[in-house]
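Have a look at the structure below, then the notes.
Within every chain, numbering begins at 1; the chains are lettered A, B, ... in the order of the sequence lines, protein sequences first and strands thereafter. Bear in mind that the values here come from a model prediction, so they are computed numbers and not experimental data.
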Amino acid sequence: DAGVIQSPRHEVTEMGQEVTLRCKPISGHNSLFWYRQTMMRGLELLIYFNNNVPIDDSGMPEDRFSAKMPNASFSTLKIQPSEPRDSAVYFCASTRGTLIQYFGAGTRLSVL
Amino acid sequence: GNSVTQMEGPVTLSEEAFLTINCTYTATGYPSLFWYVQYPGEGLQLLLKATKADDKGSNKGFEATYRKETTSFHLEKGSVQVSDSAVYFCFVGSGGSNYKLTFGKGTLLTVNP
């Protein structure tokens, strides 16, 4: 089985641009999580979905961030407009009814 | 909410040395406890888990015991290898449809030959 697939693996953009990160969870998994990893703050949970419905978005840093899950096999995390402090590695993870999360390889975002 | 306090790194050891990475937590109810490992350039992957008090999780020579009385879940390995060099995360989780999930900050382990 393919694992969690994230794209792109690397993204370099300029301040003010819109950035869209994509995630395909493992087939059959019904929960999806978005995390951000930085040296200063470690791993932060941004938002998670159950059965495509956002359940807890209290970790989303501000209104510039938004996430969607239009169907069970696809989710996006959008930053508009992007800022240099958004530079981080963004991970997507999925699970099916358990606390064991399966992580993608991450997207390394650099905002110049 | 839950919180996790994890030993700060970096930790540098010689091959075959004994490893301990401390992790303590605060949580309501009966959380499950996990250790995840992140190798360079990769996502996190589950190393071991324990779901109730006194459970011992083990995998690849690593062990950790769920100690409810001390709210701890320390990671140990008797003899580390160069290939164990990675970042290790302690994780506390609870909930079914309403998850409460908290990762520690991570501990970088470097094992030298």
Side-chain angles (χ1 to χ4, degrees), chain A residues 1-10 21-26 29-60 88-109, chain B residues 1-10 21 23 25 27-52 55 57-59 64 66 73 86-109:
Chain A
D1 272 344
V4 175
I5 299 172
Q6 292 187 245
S7 64
R9 288 296 311 274
H10 303 276
L21 311 181
R22 297 173 175 79
C23 175
K24 177 179 169 56
I26 293 172
H29 283 193
N30 63 338
S31 295
L32 182 141
F33 309 84
W34 282 101
Y35 288 90
R36 178 171 68 175
Q37 185 179 38
T38 61
M39 290 292 292
M40 291 296 294
R41 302 171 69 94
L43 203 61
E44 303 172 276
L45 177 64
L46 300 178
I47 185 171
Y48 77 86
F49 296 82
N50 277 348
N51 299 315
N52 312 337
V53 176
I55 301 301
D56 183 356
D57 65 354
S58 59
M60 296 285 262
V89 181
Y90 291 82
F91 288 103
C92 175
S94 70
T95 189
R96 183 173 69 180
T98 79
L99 291 164
I100 298 174
Q101 298 171 76
Y102 295 83
F103 282 77
T107 295
R108 182 174 296 275
L109 173 65
Chain B
N2 298 346
S3 69
V4 176
T5 302
Q6 185 177 338
M7 176 174 154
E8 293 214 10
I21 301 177
C23 173
Y25 68 92
T28 55
Y30 302 94
S32 294
L33 308 179
F34 304 78
W35 280 99
Y36 278 80
V37 60
Q38 183 181 28
Y39 298 104
E42 298 183 11
L44 282 71
Q45 54 186 276
L46 178 67
L47 180 60
L48 53 84
K49 67 179 176 72
T51 57
K52 61 183 187 297
D55 266 2
S58 61
N59 186 23
Y66 191 146
F73 193 54
V87 181
Y88 293 82
F89 293 88
C90 185
F91 171 68
V92 176
S94 60
S97 57
N98 190 12
Y99 292 111
K100 295 190 189 307
L101 311 171
T102 307
F103 276 94
K105 296 231 176 210
T107 302
L108 173 63
L109 169 67

_Side-chain heavy-atom pair A:Leu99, B:Leu101 within 4.5 angstrom cut-off_ = yes
*For chain A, which residues from residues 29-37 of chain B have at least one heavy atom closer than 4.5 Å to it?*
B:Ser32, B:Phe34, B:Tyr36
*B:Gln45 portion near chain A, given a 4.5 angstrom heavy-atom threshold*: neither
*asked:* Which atoms of B:Leu46 are under 4.5 Å from chain A, going by heavy atoms: the side chain, the backbone, both sets, or neither?
replied: side chain
*Side chain, backbone, both or neither: which part of A:Arg108 has a heavy atom under 4.5 Å from chain B?*
neither
*Pull out the residues in residues 86-93 of chain B that come under 4.5 Å of chain A, heavy atom to heavy atom, sorted by number.*
B:Phe89, B:Phe91, B:Gly93
*Against chain B, label A:Gln37 side chain, backbone, both or neither, depending on which of its atoms sit under 4.5 Å from a heavy atom there.*
side chain
*Supply the atom-to-atom distance B:Glu42 CD to A:Phe91 CZ, rounded to the nearest 0.5 angstrom.*
9.5 Å
*Measure A:Met40 against the heavy atoms of chain B and call it side chain, backbone, both or neither at under 4.5 Å.*
backbone
*Is the shortest heavy-atom distance from the side chain of A:Leu43 to the side chain of B:Leu44 under 4.5 Å?*
yes
*Sequence neighbours excluded, which residues qualify as side-chain contact (heavy atoms from CB on, under 4.5 Å) partners of A:Thr98?*
A:Thr95, A:Ile100
*Give, as side chain, backbone, both or neither, the part of A:Tyr102 having an atom under 4.5 angstrom from any heavy atom of chain B.*
neither
*Kindly indicate, with the supporting measurements, whether the criterion side-chain contact (heavy atoms from CB on, under 4.5 Å) is fulfilled by B:Tyr99 and A:Gln101.*
CA-CA 12 Å; B:Tyr99 292 111; A:Gln101 298 171 76; over 6 Å; no
*Quick one: side-chain contact (heavy atoms from CB on, under 4.5 Å) partners of A:Asn51, sequence neighbours excluded?*
A:Asn30
